[in-house]
Protein chains: 2
Amino acid sequence: MQQVADEAGVSRTTVSFVLNNTPNVNISAATRARVWQAVANLNYARTFAARSLATGRSQTVAFILRQVPDELLVNGFLGGLLSGVTQAISADNYRLLFEAVGHDASAGAYTELVRTQRVDGLIISGPVVDDTELRDLHRESVPIVVNGKPDFEELYSVDVDNVASARTAVQHLIDLGHRRIAHITNGPLNYTASSDRLEGYRQALLNAGLPCEDRYIQINPTFTDQGGYEAMRHLLDLPERPTAVFAASDVVAFGAIRAIQEAGLHIPADISIVGFDDIPLASYLAPGLTTIHIPVVQLGVRAGEMLMQLIQGDPPVPHRVLLETRLVIRHSTAPLRES
Amino acid sequence: MQQVADEAGVSRTTVSFVLNNTPNVNISAATRARVWQAVANLNYARTFAARSLATGRSQTVAFILRQVPDELLVNGFLGGLLSGVTQAISADNYRLLFEAVGHDASAGAYTELVRTQRVDGLIISGPVVDDTELRDLHRESVPIVVNGKPDFEELYSVDVDNVASARTAVQHLIDLGHRRIAHITNGPLNYTASSDRLEGYRQALLNAGLPCEDRYIQINPTFTDQGGYEAMRHLLDLPERPTAVFAASDVVAFGAIRAIQEAGLHIPADISIVGFDDIPLASYLAPGLTTIHIPVVQLGVRAGEMLMQLIQGDPPVPHRVLLETRLVIRHSTAPLRES
DNA sequence: GCGCGTTACTAAACCGCGTTACTTTTCACT
DNA sequence: AGTGAAAAGTAACGCGGTTTAGTAACGCGC
């Protein structure tokens with residue numbers, strides 16, 4: 001920096017002011033130009049660590065993905081989320097640190113990032129319930145935004161309305177005349193996305209005056225297509241086979257579809273199926289999957305924006321943002337065939 | 001740190017030695033324990049920026065994805081790659097900075113990360129040809145590993161053998177008796193993955209003594225399913241329709257399949273199709289897509305490992321690692337039907 | 001021609017927080 | 001008394017941010 005100052009014929013202070021565009025300082029346009037020219041001539045760039053040390057900011061946010069490697073492979077959302085978050089934070093010249101953490105929430109997996117001041121805030125995708133680590137950090141006023149339903153009220157979050165969306169999906173099946181409607185969860189029930197979608201399924205059935213039977217509810221513990229496959233196998237073995245299935249994620253639906261087709265049944269003639277997520281490739285499945293569309297990129301953008309506001313000490317209102325979903329009707333659902 | 005030293009009744013120097021587990025220093029087990037206890041009592045964590053400033057290392061590598069947001073959405077590889085890289089670098093306690101850069105290679109998009117010492121090395125996924133920025137950085141001995149074919153020889157890289165793999169895919173079609181085999185590229189030809197797969201297609205045809213006709217080669221400029229769809233439409237309009245298609249990516253194949261099915265034709269009865277990539281959901285397409293399987297996670301792991309070696313001043317041999325692919329035969333290919 | 005307030009800087013010092021090389025002390029053991 | 005291990009202590013970095021005090025030139029009004 002001293003060299004730049006010498007080259008431009010100014011002081012180090014002036015160089016710092018120019019580079020930071022510090023407000024309330026008077027520096028002539030000519031001098032500013034000389035400084036920038038010197039910076040260019042010397043190919044100078046300020047060391048990130050030094051700036052960070054001096055300012056107390058890391059200009060970095062962590063994107064914490066609570067998934068194990070296996071799940072990561074079939075995560076159709078990742079690209080969209082990352083893209084959205086990156087867009088939102090790049091405006092403030094922030095960068096993104098990617099971190100995948102398993103479900104076991106081992107001690108301080110991401111707390112360290114905050115405590116060493118490596119990141120200024122956290123975006124957490126898919127937290128488990130009872131995440132005490134998260135609660136403690138929030139109590140210490142660490143900027144945190146959750147993608148999904150937060151564990152406790154005060155946490156900032158961006159999500160879709162899983163209950164309402166699931167209700168819409170199931171209502172669609174009811175409207176088509178189906179009565180024996182099964183449900184396969186997208187993951188274990190300690191994940192709120194899973195339990196909320198199950199709740200939406202229940203509500204839709206009850207609203208329609210239909211029974212909600214445990215035998216038609218399959219808890220898939222894995223988030224994977226394989227889990228959907230196995231769950232569907234169980235459903236197909238029931239004496240009174242369901243005529244429609246609400247699979248709480250597209251990936252799970254893919255597994256279920258395979259099971260159905262392997263059993264020699266046809267979609268939607270024999271069984272209708274609705275997914276959830278509308279991952280980019282859902283429309284290429286034959287038959288095209290009817291599903292709930294989630295605005296993935298927007299989820300990322302809003303989360304990024306909220307986090308930046310928190311970091312800048314300007315708490316966003318409201319705490320919890322719910323983005324709209326919509327039912328995309330393709331060809332995996334059809335009216336109940338009287339038999 | 002001084003407080004920790006006081007609490008443990010030792011000097012700051014000793015605390016540093018203990019925390020770093022510095023070799024060639026003699027510190028008794030009892031003292032080490034006292035230091036750790038003090039760290040725990042005070043809930044102390046060293047500031048990342050200060051360490052980075054003192055050591056000259058950022059313990060961070062950048063993962064640079066050369067894709068625009070739209071492409072990101074349909075990138076089935078991202079999860080696997082990130083997972084692999086993260087695994088490989090976490091052993092050395094490194095973290096990953098995610099950065100998406102478009103194709104226009106605007107000035108210094110990632111050079112800044114290096115020059116400000118924000119990262120110690122770069123992993124670049126899908127570079128364009130003629131990336132002078134990359135060349136300059138490599139000349140300055142910046143640790144760089146490319147996922148894909150590098151622009152110039154000396155660059156370190158991990159890739160699959162696109163030429164050979166494409167040859168295998170096309171050979172499979174030839175073995176099934178097909179003669180009119182079309183090709184849809186996965187992207188523009190300035191991407192080496194695209195031009196190499198085209199080259200493999202050419203070689204397979206030539207080896208078999210078959211003509212290689214331009215009309216059967218469709219350059220898809222977008223990397224997307226939509227591009228595959230449009231390319232296939234052109235192929236279907238040809239007077240002598242191809243009986244088989246080699247689509248250079250699964251996503252492109254999905255688009256092509258839609259075009260084929262919309263035209264009222266059947267796969268594989270009327271047209272066989274082979275993809276490339278074997279993205280996790282490729283098997284769920286009906287009919288299951290025959291494709292070239294790429295070991296995605298391994299690509300990430302090897303890239304991460306090589307980069308860590310470079311950072312530690314231990315240049316990996318060889319420069320260029322080619323991972324094996326394999327043909328996965330599902331149900332989108334069948335013997336040529338005599339007609 | 002004087003006084004006064006701006007404007008446009010400079011100089012110097014301190015700060016943030018560990019790392020690391022080098023010197024010195026303490027103390028147990030032979 | 002001599003030796004080596006186990007530390008303590010000191011101080012110099014690394015690099016930019018920020019503040020304080022001060023200087024010099026300039027314009028303006030009267």
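Labels below follow one simple rule: chain letters A, B, ... track the order of the sequence lines, proteins then strands, and each chain is numbered from 1.
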Whether the side chain of Arg12(A) and the base of dG17(D) hold a donor-acceptor pair under 3.5 Å is what I'd like checked.
yes

Close N/O contacts between protein and nucleotides 5-9 of chain C (under 3.5 Å):
unit_1, atom_1, unit_2, atom_2, d
dC9(C), OP1, Thr31(A), OG1, 2.5
dC9(C), OP2, Ser28(A), N, 2.6
dC9(C), OP2, Ser28(A), OG, 2.7
dC9(C), OP2, Thr31(A), OG1, 2.9

In whole angstroms, the gap separating P of dT18(D) from CG of Asn20(A) amounts to 6 Å

Which part of the nucleic acid, if any, lies within contact of Ala30(B), taking any heavy atom under 4.0 Å across all strands shown: a base, the sugar-phosphate backbone alone, or nothing?
nothing

| said: Between Arg320(B) and Ser157(B), do the side chains contain a donor N or O and an acceptor N or O under 3.5 Å apart? | reply: yes

- [ ] Compute whether any side-chain donor of one residue and acceptor of the other, for Thr14(A) and Ser11(A), lie under 3.5 angstrom apart.
- [x] yes

The reported gap from CD1 in Ile311(B) to CE in Met306(B) (rounded to nearest 0.5 angstrom) is 12.5 Å

> Does a donor on one side chain and an acceptor on the other come within less than 3.5 Å for Arg51(A) and Thr116(B)?
Replying inline: no

(message) Does Arg302(A) have more than 12 heavy atoms from other residues, nucleotides or ligands lying within 6.0 Å of its CZ?
(response) no

Between CG of Leu42(A) and P of dG16(D) the distance, given in whole Å, is 12 Å

Query raised in the report: So, the side chain of Ser90(B) versus the backbone of Gln87(B): is there a donor-acceptor pair under 3.5 Å, distance only?
Result: yes

Only one of Leu310(A), Val114(A), Thr111(A) passes side-chain contact (heavy atoms from CB on, under 4.5 Å) with Leu122(A), and that residue is Val114(A)

When rounded to whole Å, the CD to P distance for the pair Gln3(B) and dG16(C) reads 12 Å

All heavy atoms of Pro295(B) vs all of Leu323(B), minimum pair found to be CG-CB, 4.0 Å

Taking everything shown except Glu153(B) itself, do over 12 heavy atoms lie less than 6.0 Å from its CD?
no

Item checked: N or O in side chain of Tyr44(A) less than 4.0 angstrom from dG16(D) OP1/OP2 -> yes

When rounded to whole Å, the CG to P distance for the pair Asn24(A) and dT18(D) reads 13 Å

Going 5' to 3' through nucleotides 22-30 of chain C and flagging B where a protein heavy-atom sits under 4.0 Å of the base, S where only the sugar-phosphate is that close, and - otherwise, we get ---------

In whole angstroms, the gap separating P of dG16(D) from CD of Gln59(A) amounts to 15 Å

Rounded to whole Å, CD of Gln2(A) lies from P of dG17(D) at a distance of 14 Å

Leu53(B) CG to dC15(C) C1', in whole Å, measures 12 Å

Q. So does Arg46(A) get a side-chain nitrogen or oxygen closer than 4.0 Å to the phosphate oxygens (OP1/OP2) of dG17(D)?
A. yes

Rounded to whole Å, CZ of Arg115(B) lies from P of dG16(D) at a distance of 12 Å

**Request:** Determine the contact category for Thr47(A): base if any of its heavy atoms lies under 4.0 Å from a base atom, sugar-phosphate if only primed atoms, P, OP1 or OP2 are that close, otherwise nothing.
**Result:** sugar-phosphate

